[in-house]
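Written out below as structure tokens is the structure these notes cover.
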Protein chains: 2
Amino acid sequence: MDAAEIRQFLEGSGLRCTPQRFAVMAFLTEHNRHATAAEIFEAVNRVDPRSSRATTYNNLRDLVQAGLVREVAVEGRGARFEAIGVPHHHFVCDHCGNVEDLEWYDVPKPAGGSLGKRVVRECELIFRGLCSNCAQRSASG
Amino acid sequence: MDAAEIRQFLEGSGLRCTPQRFAVMAFLTEHNRHATAAEIFEAVNRVDPRSSRATTYNNLRDLVQAGLVREVAVEGRGARFEAIGVPHHHFVCDHCGNVEDLEWYDVPKPAGGSLGKRVVRECELIFRGLCSNCAQRSASG
DNA sequence: GAAGTTTTTAGACTATATCTAATCTGAGAT
DNA sequence: ATCTCAGATTAGATATAGTCTAAAAACTTC
Ligand SMILES: [Mn+2]
Ligand SMILES: [Mn+2]
Ligand SMILES: [Zn+2]
Ligand SMILES: [Zn+2]
């Protein structure tokens, strides 16, 4: 995604394309690695213009509300964010904590009736275990 | 699960059955509601013996390591815990944040090859949307 | 370019979790 | 029964994550 597209995305969602907001969105589209707010704050502050911590949090909140960014549900201390792109599932490594993308495939919904009156908007599938690196290391260790 | 069973579970996992640790485990087995550490701390301190905050966190960590308790992956501030019982999936309400259990059913694994060298230990399926209460309220509102 | 709105900012504040070092407890050894 | 000592608990300090405030800056509209 290039700069013009990011600008269009933001303005199409009713958000001004400020340099700070653009920087957050650009970082998330360039680096698909489920970054924490702290990592994003640090990354956007390595380039001008700088962004305060509050603004980084504010912009992440705005981008999530606008549906351009998703907060990934993982246990642990800091929330993690990713730009919404193609649908996919997640793999979380027990050992190193890395969150990796898995190719999307359809997941069966719960059997009729067991949902009751609930209204489903989306589903998220998370696998846990050892990532490639950690699996190899523990096999050879 | 009664007191004797909890004691057996703890000792079978190499954990002493201290009053504080027992109280955490008993609360989680009695109340299946994905409690935060703060809620657990408060609950075990409504009955004797009392437990410090550090001990509540220590015991939750020990119980998770021993495989008797699971930290549920949800976005938001505080980690949530549940006693490991029968397998199930989760439903998280967009509006009120409640985490509810859904009946278990098998989820297809990723297609061969797309996992690479990763080793899968478990999978978790999370649905999001409106819970029964919030769905009714928003329909009639 | 004046007026009004949104955004940014530094730093205070709140919430959540971990660490530290002293003390206590209890199960096995004697 | 008493000793012993690893394991457990404690209060409080510290660390980390996130939110709030009030003032200034940036932008939009007139
Ligand atoms: Mn992802
Ligand atoms: Mn559950
Ligand atoms: Zn790993
Ligand atoms: Zn609800």
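Chain naming here is simple, since letters A, B, ... match the order of the sequence lines and numbering starts at 1 in each. In what follows, every heavy atom counts, from backbone to side chain, and hydrogens, waters and symmetry copies are set aside. Everything quoted here is computed from the prediction, not taken from an experiment.
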Worksheet item: Can you tell me if B:Glu39 uses its side chain to pair, donor with acceptor, with the backbone of B:Thr36 under 3.5 Å?
Response: yes
Taking NZ, NE, NH1 and NH2 as the nitrogens, is one of them in [X] or [Y] under 4.0 Å from a carboxylate oxygen of the other?
X: B:Arg53; Y: B:Glu42; value: no
X: B:Glu100; Y: A:Arg118; value: yes
X: B:Glu122; Y: B:Arg70; value: yes

Quick one: is [N] close enough that its OP1 or OP2 comes under 4.0 Å of any side-chain N or O from [X]?
X: B:Ser51; N: D:dT10; result: yes
X: B:Gln20; N: D:dT10; result: yes
X: A:Thr18; N: C:dT7; result: no

How close or far is atom [atom2] of [N] from atom [atom1] of [X], stated in whole angstroms?
X: B:Glu42; N: C:dT16; atom1: CD; atom2: P; answer: 13 Å
X: A:Arg21; N: D:dC27; atom1: CZ; atom2: P; answer: 12 Å
X: B:Leu15; N: D:dA6; atom1: CG; atom2: P; answer: 18 Å
X: A:Leu60; N: C:dT7; atom1: CG; atom2: P; answer: 15 Å
X: B:Leu63; N: D:dT9; atom1: CG; atom2: C1'; answer: 15 Å
X: B:Leu10; N: C:dG26; atom1: CG; atom2: P; answer: 15 Å
X: B:Phe22; N: C:dT25; atom1: CZ; atom2: C1'; answer: 18 Å
X: A:Met25; N: C:dT7; atom1: CE; atom2: C1'; answer: 18 Å

Counting only side-chain heavy atoms from C-beta out, which of [options] sits nearest to [X]?
X: B:Ser52; options: D:dA11, D:dG7, C:dT7; value: D:dA11
X: A:Asn59; options: C:dT7, D:dA8, C:dT8; value: C:dT8
X: B:Arg16; options: D:dT28, C:dG26, C:dT8; value: C:dG26

Discussion item. Could you walk me through whether B:Asn98 and B:His34 satisfy the side chain to side chain donor-acceptor pair (under 3.5 Å) test, starting with their C-alpha distance in whole Å, then the side-chain angles of each, then the deciding distance to 0.1 Å, before giving a yes or no?
Written reply: CA-CA 9 Å; B:Asn98 249 15; B:His34 313 98; over 6 Å; no
Worksheet item: Reckon B:Arg61 touches a base, only the sugar-phosphate, or nothing at all at heavy-atom distances under 4.0 Å?
Response: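 Touches nothing.
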Worksheet item: Are any non-hydrogen side-chain atoms of A:Glu124 and A:His89 less than 4.5 angstrom apart?
Response: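 Heavy-atom side-chain distance check fails, nothing below 4.5 Å.
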Discussion item. In the structure I gave you, are the side-chain heavy atoms of A:Tyr105 and A:Leu125 within less than 4.5 Å of one another anywhere?
Written reply: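 Result yes, sub-4.5 Å side-chain heavy-atom pair found.
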Item to complete: Spell out protein contact along nucleotides 17-22 of chain D as letters: B when the base is contacted, S when just the sugar-phosphate is, - when no protein heavy atom is under 4.0 Å; keep the 5' to 3' order.
Response: BBBB--
Discussion item. With a 6.0 Å cut-off (strictly less than), is the heavy-atom count around CZ of B:Arg7, excluding the residue itself, greater than 12?
Written reply: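 No - once you tally the heavy atoms of other residues, nucleotides and ligands closer than 6.0 Å, there are 12 at most.
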Worksheet item: Is it the case that more than 12 heavy atoms not belonging to B:Phe81 sit under 6.0 Å from its CZ atom?
Response: yes
Practice prompt. Please report the C-alpha distance between A:His88 and A:Glu82 in whole Å, then the side-chain angles of each, then the deciding distance to 0.1 Å, and finally whether the side chain to side chain donor-acceptor pair (under 3.5 Å) criterion is met.
Written response: CA-CA 12 Å; A:His88 58 273; A:Glu82 66 179 353; 3.2 Å; yes
Practice prompt. Mind grabbing the angle between the end helix axes of the helix from C:dG1-D:dC30 to C:dT30-D:dA1? Five pairs an end, 10° rounding.
Written response: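 Helix axis angle between the two ends: 30°.
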